[in-house]
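Contents: one structure, followed by commentary.
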Amino acid sequence: MSEMTLNRRRFLQGAGSVLLGTLLFVNGPVALAAPTHSWSLPLTRLSGDQAERLLVMVRRLYPHDSMEDAVYALVVKELDSRAAADPGVAELLASGVATLDREAGGDWRTAEVKRQLAILGAMEGQPFFTQVRSVAVVALYSNELAYLHFGYEGASYPKGGYLHRGFNDLSWLPDPPVKASPKPFA
Amino acid sequence: MTTYQYDDDSVVVIIGSGAGGGTLANELCQKGVPVVLLEAGKRESPATFINDEWPSFSQLSWSDPRTTSGSWRIARDFPNLPAWICKTVGGTTTHWAGASLRLQEHEFRARDTYGAIDGADLLDWPLTLEDLAPYYARAEDKMGVTRTNDIPGLPGNNNFKVMYNGATKLGYQHCSTGRMAINSQPRHGRPGCQQLGFCFQGCKMGAKWSTLYTEIPAAEATGKLELRTQAQVLRIEHDARGRASAVVYADANGQLQRQKARVVAVAGNAIETPRMLLNSQSSLFPQGLANGSGTVGRYYMRHTTGSVFAEFDEPVHFYRGTIMAGIISDEVVHRPERGFAGGYEMETLSLGLPFMAAFFDPGAWGRDFASVMDRYTHLAGMWIVGEDMPRPTNRITLNDEVRDAWGLPVANVHYDDHPNDQAMREHAYRQGEAVYQAVGATRTHRLPPFPSTHNLGSCRMSAKESDGVCNGYGQSHEVANLFISDGSQFTTSAAENPTLTIVSLAIRQADYIAEQLRTRAV
C-alpha cells in the first residue's frame with residue numbers, strides 16, 4: 001500500500017504525467033483494504049500514454065481477470081523508475097511501445113486481445129519484451145496488494161508465525177499419526 | 001575482541017563461514033587454535049533477517065557475476081545465477097532448509113556399488129560411513145537434529161499432510177517430518193520453531209541451526225577467533241617450498257590485505273573454492289594451486305533435482321510453516337531395475353508468492369501460467385533431491401572474458417545432465433505426481449531445477465593423488481597445509497541434503513588439523 005498513492009487528494013492534483021485508475025472489484029481484497037477507490041501513479045520518465053500501453057501489455061502477459069489495474073500499475077511504476085535511472089531503458093520502452101501501436105495498426109490498447117497476444121508472441125525474446133516481462137514477473141507478485149489478491153499472508157514473524165495460526169489446519173485429509181508428525185511442543 | 005596481526009604466521013586462516021568453515025573455526029578455537037575467519041559477506045542476525053523473499057534474496061545471496069554453459073536448463077533460465085547460495089556470515093546455513101540426513105553406507109562406495117557408468121568418473125570415497133559415524137553423532141548433537149539425541153520430530157504442516165496421505169496411499173512406508181536441524185522445542189539457548197514459513201530467508205527465531213548464531217559466537221567466546229567480514233579472498237599464496245603461506249583479500253574498504261597463515265582452509269562453497277585455487281596459479285603451480293591432478297573444478301555436482309507442485313480443490317496454504325516439513329525416503333535406495341543408479345528423496349517444498357512467480361516456470365507468461373498463480377493457496381509442493389553423476393566435463397573454470405570488481409576472471413559453471421540424472425528425474429517426477437494424484441490433485445506440474453543450492457565435488461577427495469584434489473581429511477594431496485573444508489570435497493553427491501555431512505567432515509577435519517599442528521606435521 002505504501003508503494004502507491006491511494007488517496008483522493010493526489011488524484012485531484014493530477015500534475016505532470018500521471019497514470020490514473022479506479023478500483024473495479026468493489027468487494028475484492030484490494031478494494032476492501034484501500035482508503036478510496038481511485039488511484040493515481042505519478043510518473044517520472046514515462047508519459048501517461050506510454051504507461052497505459054505498458055499496463056495493458058503486463059495485463060496480457062500475466063492475465064488475472066479479477067486483479068485490479070492498481071496492482072499492474074506497480075509494474076509500470078517500476079519500469080518508470082528504471083527508465084528514469086537509465087536512458088537506455090527509457091529508449092527501449094519508448095521504441096517498444098511505439099512498436100506495439102504500429103503492430104496493432106493504430107492504438108495498441110484497443111486492439112482485440114487475440115491480436116495483442118499474437119503481437120506479444122512475435123516479440124518474445126526481443127529486448128523490449130524481455131525487459132518488461134522480467135521486471136513484471138518480480139514487481140507484479142512481490143507487493144502487498146498482490147499478496148492480498150492471491151491470499152498469500154506475507155511476513156509472519158510480526159504475527160508470531162503460524163504455529164497458532166493455521167500451519168496444520170488442513171481438515172480435508174486425515175491427520176498423519178503422531179509417529180510421523182508429532183504434536184507441537186507445549 | 002581478538003585480533004591478529006597480518007604477519008602473524010601462526011594462525012589458521014579459514015575462508016568462508018558457512019557449514020564447513022564456520023564449524024571448522026569453532027572446533028579449532030575450542031581446541032585453543034588461533035583462527036582468522038574471512039567472510040566475503042556482511043554480518044546479519046535474526047533481528048535483521050527479512051520475511052520477504054526478494055528483499056531477503058538481496059540481503060543474503062551471492063550475486064557477484066558468474067557465467068554458465070552446458071545443456072542444463074539453468075544456463076537458459078538463470079545464465080548469471082547458477083547457484084542459490086549466500087554471501088553473508090553463516091554462509092548458506094542462513095538459507096538452508098535444515099534437512100539433516102546421513103549418507104548411506106553404499107553411497108560412500110558409489111563406484112563399487114554402481115559399477116562403471118559411461119560418461120561418469122565414479123569413485124569410492126576414501127572414507128567409510130563407519131569412519132564418519134562418530135562425527136555424524138557429534139554433528140547431530142551440535143545442530144540439534146530432530147529424531148536424534150531424544151529430540152522429538154517437528155509437527156507436520158498442511159503441505160506435509162498432503163504429502164503423507166498421498167505417500168501412504170501409494171504404499172510408501174517411510175514418510176515423516178524427518179530429521180531436521182530445527183528446534184522442535186527450546187534447546188541450547190535457542191527457541192523452538194514457530195512455523196514462520198521463512199526458512200530460506202534466514203530464521204528470525206534462530207530455531208534453525210546456522211553457524212551465524214551457534215558456531216561463530218561460540219568460537220568468539222574462546223578468544224581465539226577473529227572474524228573479518230566483507231573480506232573477499234582473491235588468491236592464496238605459497239612459499240618457495242610450495243606450502244600455503246598467506247591469503248590475499250580485499251577488505252571492507254576495498255583495500256588489499258595479506259594475512260599470513262600456518263594453515264589455510266578453503267570453504268567458499270563448490271564454485272568459489274575451485275575458483276580461488278585456479279586464480280592462485282603460480283610458476284610452481286601453473287594449473288592452479290593444488291591442481292597437479294587437473295581435477296580442481298571438475299566433477300561439479302548439484303544433485304538431480306526438480307519439483308512437483310499440485311493443485312487441489314480444497315485449500316492447502318503450503319507456505320505456512322517449515323519449508324521442508326516432511327520427507328519420503330522409499331526411493332533413496334539403489335535399485336537399478338528402475339533404470340538408473342542411486343536414489344532420491346522427496347521433500348516438501350513451498351515458495352512464497354514472489355518466488356512462485358519467478359521459479360515455477362522461468363520465462364513463462366500467458367494464461368496457463370497465470371492460472372496456476374490463481375491457485376496459489378490451493379497448491380502442495382515437493383522437491384526432488386537425488387544423486388547425480390560426477391562428470392569430468394561438468395566443471396568450474398575461469399572465464400577470462402568476464403572479470404570481477406578486482407579484475408579476476410569469474411567462475412563459469414558448465415553442467416550437462418547425465419542420462420542417469422535424466423532417468424532419475426523422470427522417475428521422480430512421475431512418482432511425485434502419483435503421490436498427489438492419489439489424494440485428488442486436479443492438476444500437477446513439473447518444475448525445473450532452481451539455481452543450485454547443493455554444490456558439490458569440485459575439489460574431490462580421493463585415495464589416489466591422480467584422481468582428486470584432497471585426501472579423506474580434506475587435506476590437499478599436493479600442499480600439506482591447505483585444506484578443502486566444504487562440499488567441494490564430496491567424492492560423489494549421494495542423494496541426501498549435504499549440510500550434515502559437510503559439518504561432520506569439518507569436525508573430523510578439525511581433529512586432524514589439531515593433531516597435525518601438535519605434531520608439527522604442518
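Chain letters run A, B, ... following the sequence lines, proteins first and then strands; every chain starts at 1. Computed from a prediction, not measured in an experiment: that's the story for all the values here.
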What part of [X] is in contact with chain B, defined as an atom under 4.5 angstrom from a non-hydrogen atom: side chain, backbone, both or neither?
{"X": "A/Ala139", "value": "neither"}
{"X": "A/Asp65", "value": "side chain"}
{"X": "A/Glu124", "value": "side chain"}

For chain A, which candidate among [options] shows the most heavy-atom pairs at distances under 4.5 Å?
{"options": "B/Thr177, B/Asp313, B/Val439", "answer": "B/Thr177"}
{"options": "B/Gln194, B/Gln195, B/Glu53", "answer": "B/Gln195"}
{"options": "B/Val316, B/Asn158, B/Leu196", "answer": "B/Asn158"}
{"options": "B/Gly352, B/Ala358, B/Pro152, B/Gly440", "answer": "B/Gly352"}
{"options": "B/Pro362, B/Gly192, B/Pro354", "answer": "B/Pro354"}
{"options": "B/Tyr376, B/Tyr319, B/Tyr164, B/Phe369", "answer": "B/Tyr319"}

_Just so I know, are the side chains of A/Leu43 and A/Val18 near enough to count as touching, which here means a heavy-atom distance under 4.5 Å?_
no
Look at [options] and state which one has the largest set of heavy-atom pairs under 4.5 Å with chain B.
{"options": "A/Val137, A/Asp175, A/Leu173", "value": "A/Leu173"}
{"options": "A/Pro184, A/Gly151, A/Pro176", "value": "A/Pro176"}
{"options": "A/Val178, A/Leu117, A/Leu120", "value": "A/Leu120"}
{"options": "A/His149, A/Lys183, A/His64, A/Arg60", "value": "A/His64"}

Under 4.5 Å heavy-atom distance to chain A, tell me which part of [X] shows up: side chain, backbone, both or neither.
{"X": "B/Arg147", "answer": "side chain"}
{"X": "B/Phe312", "answer": "side chain"}
{"X": "B/Ile50", "answer": "neither"}
{"X": "B/Ala325", "answer": "neither"}
{"X": "B/Met373", "answer": "both"}
{"X": "B/Asp374", "answer": "both"}

request  = For the pair B/Phe355 and B/Gln201, evaluate side-chain contact (heavy atoms from CB on, under 4.5 Å) and give the outcome as yes or no after the intermediate values.
outcome  = CA-CA 12 Å; B/Phe355 280 180; B/Gln201 282 68 44; 3.7 Å; yes
Between the CG atom in B/Leu353 and the CD atom in A/Glu153, the distance rounded to the nearest 0.5 Å is 12.0 Å
When rounded to the nearest 0.5 Å, the distance separating CD of A/Gln50 from CG of A/Leu55 is 13.5 Å
*asked:* Could you go through B/Glu345 and B/Ser329, starting from their C-alpha distance and side-chain angles, then the distance that decides it, and tell me whether this counts as side-chain hydrogen bond (donor to acceptor under 3.5 Å, both in side chains)?
replied: CA-CA 5 Å; B/Glu345 307 270 13; B/Ser329 295; 2.9 Å; yes
Using 30° and 60° as the class limits, which term best fits the ring planes of A/Phe150 and A/Tyr141: parallel, tilted or perpendicular? tilted
Taking the six-membered ring for Trp, is the centroid-to-centroid distance between B/Phe318 and B/Phe309 below 6.0 Å? yes
- What's the verdict on side-chain contact (heavy atoms from CB on, under 4.5 Å) for A/Leu54 and A/Val56, showing C-alpha distance, side-chain angles and the deciding distance? CA-CA 5 Å; A/Leu54 287 168; A/Val56 172; over 6 Å; no
Only one of B/Phe359, B/Phe450, B/Trp84 passes ring pair (Phe, Tyr, Trp, His ring centres under 6.0 Å) with B/Phe78, and that residue is B/Phe359
Does [Y] offer a backbone N or O that forms a donor-acceptor pair with the side chain of [X] under 3.5 Å?
{"X": "A/Asp80", "Y": "A/Val76", "value": "no"}
{"X": "B/Ser61", "Y": "B/Ser58", "value": "no"}
{"X": "B/Asn80", "Y": "B/Arg66", "value": "yes"}
{"X": "B/Asn159", "Y": "B/His317", "value": "no"}

Those residues of residues 154-168 of chain A that come under 4.5 Å of chain B on a heavy-atom basis, listed by number, are A/Gly154, A/Ala155, A/Ser156, A/Tyr157, A/Pro158, A/Gly160, A/Gly161, A/Tyr162, A/Leu163, A/Arg165, A/Gly166, A/Phe167, A/Asn168
Residues 87-112 of chain A vs chain B, non-hydrogen distance cutoff under 4.5 Å, contacting residues -> none
- Determine whether the side chains of B/Glu311 and B/Tyr436 contain a donor N or O and an acceptor N or O closer than 3.5 Å. no
Do B/Arg443 and B/Ser371 meet the criterion of a side-chain donor-acceptor pair at a distance under 3.5 Å? yes
- [ ] Just do the side-chain contact (heavy atoms from CB on, under 4.5 Å) check on B/Ile323 and B/Trp383 with the steps written out, would you?
- [x] CA-CA 10 Å; B/Ile323 305 302; B/Trp383 192 58; over 6 Å; no
| message | salt bridge (charged side-chain N to carboxylate O under 4.0 Å, His left out) for A/Asp86 and A/Arg82? Distances and angles first, verdict last. | response | CA-CA 6 Å; A/Asp86 182 346; A/Arg82 298 206 183 195; over 6 Å; no
I'd like to know whether B/Cys175 forms a side-chain contact (heavy atoms from CB on, under 4.5 Å) with B/Met163, so could you lay out the CA-CA distance, the side-chain angles of the two residues, the decisive distance to 0.1 Å, and finally the verdict. CA-CA 8 Å; B/Cys175 180; B/Met163 167 182 268; 4.1 Å; yes
**Asked** Counting only heavy atoms not in B/Arg190, do more than 12 sit closer than 6.0 Å to its CZ atom?
**Response** yes
